[in-house]
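Inspection log for the structure reproduced underneath, given as structure tokens.
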Amino acid sequence: MNNNIYDILKERGFIAQVSDEDALRRMLGGNPITFYVGFDSTATSLHAGSLVPIMVMKHLQQAGHRPIAIVGGGTTMVGDPSGKTEMRKMLSEEAIRKNGQTIQAQLDRYLHFDGKKSLALDNADWLLPLNYVEFLREIGRHFSVNRMLAAEAYKMRLEKGLSFIEFNYQLLQSYDYLTLFQKYGCSLQMGGDDQWGNILAGTDLIRRVEGAKVEAMTFPLLTTASGAKMGKTAYGTIWLDSGLLKPYDFYQYWVNCDDLDVGRFLKLYTFLELAEIKELQALKGSDIRKAKQALAYEATSITHGEKAAKEAQASASTAFGTGEGKPGRDLEAMPATTISRERLTGGINPAELFTEVGLSSSRGEAKRLIKQGGLYVNDKQIRSLNQQLNEADLTPNGILLRAGKKKYHRIIVDL
RNA sequence: GGGCAGGUACCAAAGUGGACAAAUGGGGCGGGCUGUAAACCCGCAGCGGUAACGCUUCGGAGGUUCGAAUCCUUCCCUGCCCA
């Protein structure tokens, strides 16, 4: 009974709300359908938070359905107020366009757009040319302000203030769905659970305008067991772009996840069979690491490819493996800075150097870290504030700086 | 357009002439413990300085004062109520 992709998604924890469960299951179990997910163009790159929609899209694609990924070149111009406490900063048209292009390129790695069986579109294409009055007459009249105001998503904003531009977001997103329905026969829209209202508004609009019934589905908004948003950590955002975040660090993100999250994450972020996941989940105590490594490997492989995943795994096991001591972390993956030999000969204040390479944000902070024993040179703790770095600290690999337990930077000395 | 209440650090929120580089909570960071986890314990907290101390911060710009986050003027922004 579990051949239906809908059941699989459900079992893996991808589904928060659906418009009509039976209808959707029937649809997904039948002939190929076209579905879509919208991505905002607010950031320069996608991050781990977008992985859930991506995974769902891949699942459905593998089941034979046709994905459309919409980049929100038009909607981002307006800004979605749903669930937000404040109005978003206005981005320039130029920035939005660029973000959109990058994001499409990133999505392509997962979905392989070919313009036929898999589409990437930008809603700027149909949203920007709209004529205001015409739009109001044809689309606006279908929306009830009363109903919109009553929506949970706007509640917060009704207390803090909601500008008219944002209030229109829902109309635009609904219009997207309508357009895709008309042009591509798209009959399912998905998105984060905060999008529920917007998505339903779209299905309503299609019913009113076209008299057709289409479906809606949302994903749960995930947080880690400790309550943090997916994809944000102390070390920064977990970008999906290897230029912004090394595959090694991406791998580390998953290995470092909370014990309580492993099972859930395996189901969401890997394609491993549920049976296999069950086994991994059964691990206890420090064996849980194995489950985390499997998670990290699979997730990295999906995003950065098998080769990168293997490399990351290898580096990680050298760095943290069973062996004692501190052999080579991945020197290649480590950020590095080159300094001149003369400078080193003259002696360098460590606080200065750590700050310069970004391991601390100011000299004051660096000094504080030294006092607390949090800075290391070649894995030896810096003990005193007046300790200087010089040629004696130079190793064949340069000089290895470390702040805290996991943040490294390598200094290469120019000859 | 009118009335009222506000704008303080990453967020929330105290402070209403000197003891304020600014309470508290969350978050963050370092150390310890550990399994590259969680929980827990200890510590840190603008920038420069080993320190004494100096410099720059409380929406913006001016002003009063020996002294302003705190008082005055003005501008900008936000919320609530009325139109």
Side-chain angles (χ1 to χ4, degrees), chain A residues 81 84-90 154-166 223-229 232-238 246 248-266 280-281 283-297 299-300 312-330 333-334 349-352 354-356 358-377 379-388 401-408:
Chain A
K84 301 213 167 49
T85 50
E86 263 166 57
M87 183 161 161
R88 192 184 263 170
K89 300 259 178 310
M90 287 272 200
Y154 290 103
K155 254 201 185 136
M156 240 191 300
R157 292 304 301 274
L158 284 176
E159 278 157 31
K160 285 221 158 193
L162 177 67
S163 76
F164 184 66
I165 179 172
E166 294 175 284
T223 52
T224 63
S226 43
K229 263 200 203 151
K232 305 270 184 185
T233 70
Y235 308 112
T237 306
I238 303 304
K246 293 263 184 277
Y248 173 76
D249 294 314
F250 185 81
Y251 179 93
Q252 285 299 325
Y253 173 70
W254 300 103
V255 175
N256 280 317
C257 78
D258 195 303
D259 280 11
L260 299 170
D261 287 326
V262 195
R264 202 156 54 101
F265 285 3
L266 279 166
L280 287 168
Q281 254 183 306
L283 295 171
K284 289 272 182 301
S286 58
D287 280 341
I288 291 177
R289 266 180 320 176
K290 287 187 192 133
K292 289 185 183 178
Q293 281 158 4
L295 167 66
Y297 177 80
T300 309
Q313 193 175 41
S315 314
S317 70
T318 342
F320 298 103
T322 44
E324 281 306 306
K326 291 276 174 189
R329 267 123 298 207
D330 190 349
M334 196 178 291
N349 181 296
E352 186 182 319
F354 273 90
T355 307
E356 195 178 310
L359 248 27
S360 66
S361 61
S362 68
R363 300 184 62 145
E365 188 189 11
K367 282 180 202 154
R368 201 188 323 129
L369 290 174
I370 291 173
K371 281 183 205 155
Q372 303 195 66
L375 294 188
Y376 307 76
V377 172
D379 288 314
K380 281 211 307 272
Q381 204 170 50
I382 300 176
R383 291 175 191 287
S384 127
L385 285 169
N386 24 19
Q387 185 176 328
Q388 293 277 309
L401 304 183
R402 187 175 123 213
K405 284 176 194 159
K406 293 173 193 165
K407 283 177 287 185
Y408 291 94

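Reminder, nothing fancy here: chain letters follow the sequence lines and each chain counts from 1.
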Task: Pairing partner (Watson-Crick or G-U wobble, both distances under 3.5 angstrom) of rC40(B) - done: rG32(B)
- [ ] Hey, could you give me the CG/CZ distance between N349(A) and R363(A), rounded to the nearest 0.5 Å?
- [x] 5.0 Å
TODO: May I ask you to evaluate whether K371(A) reaches the phosphate of rG31(B), defined as a side-chain N or O under 4.0 Å from OP1 or OP2?
DONE: no
Task: Any-strand Watson-Crick or G-U partner of rA22(B), both distances under 3.5 Å - done: none
Open item on the list: Please give the distance between the C1' atoms of rU50(B) and rU34(B) as a whole number of Å.
Closed with: 34 Å
Open item on the list: Any N or O donor-acceptor pair under 3.5 Å from the base of rG43(B) to the side chain of Q372(A)?
Closed with: yes
- [ ] Provide the distance between the two P atoms, one in rC10(B) and one in rA22(B), to the nearest whole Å.
- [x] 16 Å
Open item on the list: Please pick, from rU50(B), rG35(B), rG31(B), the nucleotide with the shortest atom-to-atom distance to any side-chain atom of K367(A).
Closed with: rU50(B)
TODO: Could you let me know what rU64(B) is paired to, Watson-Crick or G-U wobble, both distances under 3.5 Å, or none if it's on its own?
DONE: none
Task: Contact under 4.0 Å: R289(A) side-chain N or O vs rA37(B) OP1/OP2 - done: no
Task: Touch class at under 4.0 angstrom, heavy-atom based, for D259(A) against every strand present - done: base
Task: For atom CZ of R402(A) and atom C1' of rU36(B), their distance in whole Å - done: 12 Å
- [ ] Could you please name the option among rU36(B), rC33(B), rG49(B) that lies closest to any side-chain atom of R363(A)?
- [x] rG49(B)
Task: Sugar-phosphate, base or nothing in reach of L375(A), heavy atoms under 4.0 Å - done: nothing
Open item on the list: Nearest to the S286(A) side chain among rG48(B), rG35(B), rU36(B), which nucleotide is it?
Closed with: rG35(B)
- [ ] Provide the distance between the two P atoms, one in rA69(B) and one in rC58(B), to the nearest whole Å.
- [x] 7 Å
Open item on the list: Does any part of the side chain of K292(A), heavy atoms only, come nearer than 4.5 Å to the side chain of D259(A), both counted from C-beta?
Closed with: yes
- [ ] Would you tell me if any nitrogen or oxygen in the side chain of S384(A) comes within less than 4.0 Å of OP1 or OP2 on rU50(B)?
- [x] no
Open item on the list: Can you tell me how far apart OG1 (T300(A)) and OH (Y253(A)) are? Round to the nearest 0.5 Å.
Closed with: 12.0 Å
Task: d(CG, D258(A); P, rG35(B)) in whole Å - done: 16 Å
Open item on the list: For K284(A) and A403(A), find the nucleotide of RNA chain B closest to each by heavy atoms; which residue's nucleotide sits nearer the 5' end?
Closed with: A403(A)
- [ ] Let me know the distance between CG of L369(A) and P of rU50(B), rounded to the nearest Å.
- [x] 15 Å
Open item on the list: At less than 4.0 Å, is any side-chain N or O atom of Y376(A) found next to OP1 or OP2 of rG31(B)? Yes or no.
Closed with: yes
TODO: Could you walk me through whether D287(A) and K290(A) pass salt bridge (Lys or Arg N to Asp or Glu O under 4.0 Å), step by step?
DONE: CA-CA 6 Å; D287(A) 280 341; K290(A) 287 187 192 133; 3.4 Å; yes
TODO: Identify which nucleotide among rU34(B), rG35(B), rG30(B) has an atom closest to any side-chain atom of K405(A), counting heavy atoms from C-beta outward.
DONE: rU34(B)
TODO: Take atom P in rC80(B) and the same atom in rG31(B), then report the distance between them in whole Å.
DONE: 46 Å
Open item on the list: Going by purine N1 to pyrimidine N3 plus the second Watson-Crick contact, or the G-U wobble pair, all under 3.5 Å, which nucleotide sits opposite rG1(B)?
Closed with: rC82(B)
TODO: Work out which heavy atom in A403(A) is nearest to a heavy atom in F354(A); give both atom names and the distance.
DONE: N-CE2, 4.3 Å
Task: Any strand: nucleotide that pairs with rC58(B) via Watson-Crick or wobble, under 3.5 Å - done: none
Task: CZ-CG distance between R402(A) and L375(A), expressed to the nearest 0.5 angstrom - done: 10.0 Å
- [ ] Using the P atom on both, measure rU74(B) against rU24(B) and round to a whole Å.
- [x] 37 Å
TODO: Sticking with atom C1', work out how far rG7(B) lies from rG59(B), rounded to a whole angstrom.
DONE: 6 Å
TODO: Taking all heavy atoms of Y251(A) and all of Y297(A), pick out the closest pair and write down the distance.
DONE: CE1-N, 3.6 Å
TODO: Give a yes/no answer on whether the side chain of K292(A) brings an N or O atom under 4.0 Å of OP1 or OP2 in rG35(B).
DONE: no
Open item on the list: With rounding to the closest Å, how many angstrom separate the P atoms on rG46(B) and rC20(B)?
Closed with: 15 Å
